[in-house]
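Notes follow the structure.
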Amino acid sequence: MATFSQPTIKSGSDMVQDFLCSTCEEKKLEESADYYCESCVKFFCSKCIDLHSQLFTQHSPHGRGDMKKWPVAKKVEDFLLKCDVHKEENNDMFCKDHSQLCCNKCAILNHRTCKTVILLSDLVKNTPTDLKQVSVTIQTTLAQLKELQENQEDSIQSLLSSYFEQLHKIQEYRKKIIADLNKLEQKTMQELKDTLTKLQAPLERDIDKCSTLQDELKQLGEAIHDIGDKNKQELSLIASIKCKDKIQQFEKYQKENFVEVKSSISFQPNNEIVEYLSKLSGLGMTLMQNPDKVIRIDRKSEYDVRTVGELKCTIRDICVLSSGQVLVTDQDNNKVKLLSQTYQVVSHCSASDSQLIWPMGICQITPSEYGIAVSTYGGTPGVAVDSKILFIKVNNSQLVKDRILKFQHHIVSIVYQKGDLFVTSGTALFKYKLSDTCTLVSKLHEDKSNKSTVSRCAVSPTGDKLYITSPYQHRLLTLAKDGSILATFMDPALKFLSGLHVTPAGQVLVCGRDSKNIIQVDSKGSMKLATLATRSDGVEGPFSVCYNRITDSIIVGQWEHEKILVYKVK
């Protein structure tokens, strides 16, 4: 039987067929075979084949160009025949119940109760085998495995990148906390110093007064000593009057100013700081970023978000604050409303002026500052108008209007991420650099084929993907950072895409106002993962959606309705 050459066995995972020259092997030499003689059932190298041809002129050996007539290598035979579990046994049976090859031991241990276990010698008689097709299937599967492996390797790199990015964020956050603590320390030390100065000043004035009176009395005492026996009546009288005056000054000063109580300073620490820190489990929350993990909702709650005199609300957009409070824009009533952690209205302010009366999108800029997009009611997309972003701060659960930035195009939705402000106009998506002003960087996408082709906007947590909705076209577009289209999502069950939100984990949520449902789309924006809620779950006219990571719930704002919906996530 053919011998598999050792160098080929050690060459790697690819099982390349190679053979040793039979004659050289008998001499304990390892020489690769170049010919095989069916008559001799032996292999020959290029040197030994000459002698073989001289001795056996009638034999017709096959060279490497005709290897299909060579036998199967022993190594290959063993690889195919040996049982994967019991290495010393050959597979000589096949279990049709499990579609598995098995040796005698496998048949006894694992297939004793199976109905159809037949010998391979019987199976081969009635089972045609197309090795070419098997080979094609192997190549296809190998390509898929390679792609999967590369994808997972990329995922590991992405995971490590996000790990180090978040590690840096934790370290920066710690620095901020330390900086704030340093400020508190400096302020407290200044208060301590001011207290010292305040208490020390009168004591030093007393000391100075005492020192001055002592010097003056000493001088008078010395003067009296000089004139005591010189019979100077006038000088004696003057000295007596002056001494009496100084003594009276001292007695008056002592009576009016001296407090015979020793002052001291004590520091009373604010134990609430330590108590608060001791209750914390960490500097923040670590979230497992699985953008395609399907969200499952549980119970539903409803909350009335009307203020006095309002009949209904249209909640255009929602933003959850780090405190657990919720900021919403109410389009019907032209208001921005602050809701408590229990979704009660605690503060509100008007977003309107003489021309701009429609609060639209909302986004967080800093931990205490939020941007509100405000445009003309029913403004025509693509037509130049005076729109603005109104910046609002939240101080002690109260909304305070701050600066305003004006724009020369319609504003529907705004999203802020790491200094970049993404703004939709109804037909275009713009990227601005936000500081004290807004500087246009580029127009990432534009579609003037219809009205409201670029409505809502959202950004993935990593910033590598942008999502925009086209309500009247019932579609969701996924864009790369440069604005190129990566995917288009449409679903017959989703009508008028009114709301869009990306969770901190990267899960994409959209809602259909007319289809009355909430859908979760995969992070690529190419397919539906799940229907989260429908009309049977209480959804009437969903117009905005937001994930509250603090309470682990989904908030749904509705069109012309007095209540918002809150679904607890399982």
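Quick caveat, the model's predicted, so the values are computed rather than measured.
Contact record, Leu399 with Ser347: N-OG, 3.2 Å, taken as the closest heavy-atom pair.
For Ser544 (side chain) and Ile318 (main-chain N/O), no donor-acceptor pair under 3.5 Å exists by modelled atom type. Of the possible donor and acceptor atoms, none in the side chain of Thr503 sits under 3.5 Å from a partner among the backbone N and O of Tyr547.
Separation of atoms CG (Leu479) and OG1 (Thr488) is listed at 9.0 Å; rounding is to 0.5 Å. In this structure, the separation between CD on Gln507 and CG on Leu529 is 9.0 Å, given to the nearest 0.5 Å. Atom CD1 in Ile518 sits 8.5 Å away from atom CD1 in Ile554 (nearest 0.5 Å).
Judged as a ring pair (Phe, Tyr, Trp, His ring centres under 6.0 Å), the pairs with a partner in residues 494-543 (not counting sequence neighbours) are, in order, Tyr472-Phe496, Phe543-Trp559.
For the 3.5 Å distance criterion, the side chains of Lys337 and Thr307 fail to qualify, holding no donor opposite an acceptor. For the 3.5 Å distance criterion, the side chains of Asp194 and Gln190 qualify, holding a donor opposite an acceptor.
The existence of a salt bridge linking Arg316 and Asp330 is excluded, since no basic side-chain nitrogen approaches an acidic carboxylate oxygen closer than 4.0 Å. A salt bridge between Glu165 and Lys418 is present, with a side-chain N of the basic residue lying under 4.0 Å from a carboxylate O of the acidic one. With salt bridges taken as basic N to acidic carboxylate O contacts below 4.0 Å, one links Glu172 and Lys175.
Within 6.0 Å of NZ in Lys198 there are 12 or fewer heavy atoms belonging to other residues, nucleotides or ligands.
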Donor-acceptor pairs are to be reported for all side-chain atoms of residues 563-570 against protein atoms at under 3.5 Å, with residues two or more places apart or in another chain.
| residue | atom | partner | partner atom | Å |
| --- | --- | --- | --- | --- |
| Tyr567 | OH | Asp537 | O | 2.7 |
| Lys568 | NZ | Thr551 | O | 2.5 |

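Between His410 and Trp358, the ring planes lie tilted relative to each other; the angle falls in the 30° to 60° range.
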